[in-house]
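What's counted below: heavy atoms across the whole structure, side chains too, no hydrogens, waters or symmetry copies.
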Amino acid sequence: MNYKVFIKGLMFLMVLAGAAYLLSRGIDKSWIDNNVRGQGIKGWFVFISIGGLLAAVGFPRQVVAFLGGYAFGVIKGLSIALLAVTLGCLLTFFYARFFGRAWVKRKFPHKIKRVDDFLKDSPFAMTLLIRLLPVGNNMATSAAAGVSGVSPFAFIAGSMVGYVPQTLVFALAGSGIELNTEWNIALSVILFVISGILGVYLYRRYRQGKTLGRDIETQLAGDEQTADAIVRDGETKM
């Protein structure tokens, strides 16, 4: 297993925490206060709408989760951010399926077949495996799935469940900044490592000999030769 993947993720988490700390100390937060925090259903709607649109165009879903924790706390932040990133997945998926096929085929020509082959036999379970991984491009996967033959319900439901661990991790970190609770941030770091290791383990254990491609395998293995061997083996079984 390539532990550099986790180091990059932890660095990303720490950068977010540091940036939010500086924001909370030195920049006017009136927009969030007036439109999101403490605004009830209106604030939820604003956050889910904007967060969903951002996630749909490639904005990191981890940042959406972090901001959800920052604005609403851990439990509400998890729930609201999860709805936002799932909305983003849904928007990307259906845009690709009904309007953007030509663009997706030009942008991700090889990814479409990989995703289609990976998902076609057990779409919900295999989507779940993809979303649990600590690597990958969220928007590209949703777009490729939209052009593939996968069931919309299975893909979106699998994505929503698979989003939960990292959404919880980053919402927890965001809530720690607002509450000045270092324990929240420390716990989010621990949970990030655990969820990442679990995601890689489940992918290796239950992918049924399939692969998401050389780039993903290289990131997970940290070794191009090992990645090439896994891809070749996967191609013989597809």
Ring geometry between Phe72 and Phe47 (parallel below 30°, tilted from 30 to 60°, perpendicular above 60°): perpendicular
Audit row: Tyr203, Leu132, side chain to side chain contact (heavy atoms under 4.5 Å, CB included) steps and yes/no: CA-CA 8 Å; Tyr203 173 75; Leu132 289 174; over 6 Å; no
Is it the case that one hydrophobic cluster holds both [X] and [Y], taking links as side-chain heavy atoms less than 4.5 Å apart, direct or via other members?
X: Leu168; Y: Phe170; answer: yes
X: Val63; Y: Ile80; answer: yes
X: Tyr95; Y: Val147; answer: no
X: Val115; Y: Leu90; answer: yes

Salt bridge flag under 4.0 Å for residues Lys120 and Asp117: yes
Check: Arg101 side chain, Arg97 main-chain N or O, donor-acceptor pair, under 3.5 Å: yes
Thr92 side chain vs Ala56 backbone, donor-acceptor pair below 3.5 Å: yes
Working for side chain to side chain contact (heavy atoms under 4.5 Å, CB included), residues Trp44 and Lys76: CA-CA 9 Å; Trp44 294 24; Lys76 285 185 179 179; 4.2 Å; yes
Full working for side chain to side chain contact (heavy atoms under 4.5 Å, CB included) between Asp121 and Met126: CA-CA 8 Å; Asp121 295 326; Met126 301 306 263; over 6 Å; no
Working for side chain to side chain contact (heavy atoms under 4.5 Å, CB included), residues Asn138 and Arg131: CA-CA 8 Å; Asn138 180 57; Arg131 298 310 195 187; 2.9 Å; yes
Where do [X] and [Y] come nearest, in terms of heavy atoms and distance?
X: Ala71; Y: Val36; answer: CB-CG1, 3.8 Å
X: Gln166; Y: Leu133; answer: NE2-O, 3.6 Å
X: Ile156; Y: Cys89; answer: CG1-SG, 4.4 Å

Given Phe155, Phe108, Phe118, the one that forms side-chain contact (heavy atoms from CB on, under 4.5 Å) with Thr141: Phe155
Where at least one partner belongs to residues 46-58, residue pairs that pass salt bridge (charged side-chain N to carboxylate O under 4.0 Å, His left out), sequence neighbours excluded: none
Neighbour count >12 (heavy atoms, 6.0 Å) for atom CD1, Ile75: no
Worked verdict on Phe153 versus Phe124 for ring-ring contact (aromatic ring centres under 6.0 Å, His included): CA-CA 8 Å; Phe153 177 80; Phe124 176 86; 8.1 Å; no
